[in-house]
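Take a look at the structure below.
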Amino acid sequence: MDFLLICPFLLVLLLSRDSFADLEKQRVDSGLEIYKKLFEVKRKDQMNALKNLIELNDVNQQYKIIDIMLKGLFKVLEDSRAVLIAADVPPDGPFPQDEKIKDAYSHVVENTAFFGDVVLRFPKIVHHYFDRNSNWNSLIRWGIGFCNLTGVFEQGPHSQVLGLMAQELGISEKSPDYRNPFKTDHSEFFPSADTFQKALREEEKRRKKEEKRKEIRKGPRISRSQSEL
């Protein structure tokens, strides 16, 4: 067969393959772009929740809520990391299509971002919990690394949250011009450092009393037969 007759068919096949590759890339890119829009909606909800927490203007309530919130956040982050690692999902790879993996992906991105919001606005409270928990430190280091490669934080109003969080937590070295943009003269929305320390002591006392009550309830009990003797 004349090679000149075959050339047009080969050219069509090559162009078709390139077209399929382009379509696949567009599909992957469109999946990420769609998620970015959903991420913006989620971020608005997170900002509203954070605004409500700030407006409580009650350090004791803020302390309790953040305590519960962080425990839940890191549990979700830990479970989601396990799913992504088991599925061998690269953060800079194609946007996941499987629903379970997609949920894990979004949980990592959204919870990492939200933790950044909380630590920048309530650094004292977060440091009180975070600095003594090596597992949380490991999880958030992984989360920041994952998020940095997704492309979700490349532009827009959330582009700086990962870097600021890493510096605030001491995960990365603070730049000479580092400044927490949410820190005011009356640090962290509290009237003074004394107010915070007082609330901290009160909360610790409450927690110790609660732990003692639990220990008493778990203690040895006299059986019915013994009590009747």
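Residue numbers count from 1 along this sequence.
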Could you tell me if the side chain of [Y] sits less than 4.5 Å from the side chain of [X], heavy atoms only?
X      : Y      : result
Asp58  : Tyr63  : no
Phe122 : Val59  : no
Asp117 : Phe182 : no

Give, for atom [atom1] of [X] and atom [atom2] of [Y], the distance between the pair rounded to the nearest 0.5 Å.
X      : Y      : atom1 : atom2 : value
Leu70  : Trp136 : CG    : CH2   : 5.0 Å
Ser106 : Phe95  : OG    : CZ    : 7.0 Å
Ile66  : Lys71  : CD1   : NZ    : 13.0 Å
Leu77  : Asn135 : CG    : CG    : 9.5 Å

Contact list for residues 145-156, test salt bridge (charged side-chain N to carboxylate O under 4.0 Å, His left out), sequence neighbours left out:
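For residues 145-156, and leaving out neighbouring residues, there are no salt bridge (charged side-chain N to carboxylate O under 4.0 Å, His left out) pairs at all.
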If a pair satisfies salt bridge (charged side-chain N to carboxylate O under 4.0 Å, His left out) and one of its residues is in residues 98-107, list it, with sequence neighbours excluded.
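Passing the test, one end in residues 98-107: Glu99-Lys102.
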Looking at [X] and [Y], what are the two nearest heavy atoms and their distance?
X      : Y      : answer
Ile144 : Thr112 : N-CG2, 4.1 Å
Cys147 : Val108 : SG-O, 4.0 Å
Ala104 : Ser80  : O-CB, 3.6 Å

Under the side-chain hydrogen bond (donor to acceptor under 3.5 Å, both in side chains) test, which residues partner [X], sequence neighbours left out?
X      : value
Asn137 : Arg141
Glu40  : His158
Gln46  : Arg43
Lys51  : Glu55

Using the side chain to side chain contact (heavy atoms under 4.5 Å, CB included) criterion, which residues pair with [X]? Sequence neighbours excluded.
X      : answer
Ala82  : none
Asp88  : none
Thr150 : Pro91, Tyr105, Val109, Phe146, Val152, Phe153
Leu73  : Asn111, Phe114, Phe115

Salt bridge (charged side-chain N to carboxylate O under 4.0 Å, His left out) against Lys75, all qualifying residues, sequence neighbours excluded:
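Testing Lys75 for salt bridge (charged side-chain N to carboxylate O under 4.0 Å, His left out), a comparison that skips the adjacent residues, returns Asp79.
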Please identify which of these residues, Val118, Asp45, Leu120, meets the side chain to side chain contact (heavy atoms under 4.5 Å, CB included) condition with Leu50.
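So, applying the side chain to side chain contact (heavy atoms under 4.5 Å, CB included) to Leu50 and each of Val118, Asp45, Leu120, only Val118 qualifies.
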Indicate, with yes or no, if Leu149 and Leu139 share a hydrophobic cluster defined by side-chain heavy-atom contacts under 4.5 Å among Ile, Leu, Val, Met, Phe, Trp and Tyr.
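Leu139 and Leu149: separate clusters.
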When hydrophobic residues are tied together by side-chain contacts of less than 4.5 Å, even through go-betweens, does Tyr35 share a cluster with Val76?
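The answer is no; the residues belong to distinct hydrophobic clusters.
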Pairs of donor and acceptor atoms involving the side chains of residues 163-176, under 3.5 Å and at least two apart or interchain, shall be tabulated with distances.
residue	atom	partner	partner atom	Å
Gln167	OE1	Ser175	N	2.9
Gln167	OE1	Ser175	OG	3.2
Gln167	NE2	Gly163	O	3.4
Glu168	OE1	Tyr178	OH	2.7
Glu168	OE2	His127	NE2	3.3
Ser175	OG	Asp177	OD1	2.9
Ser175	OG	Tyr178	N	3.4

With distance as the sole test, does Lys36 use its side chain to make a donor-acceptor pair with the main-chain N or O of Gly31 at under 3.5 Å?
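Not confirmed, Lys36 side chain does not pair with Gly31 backbone.
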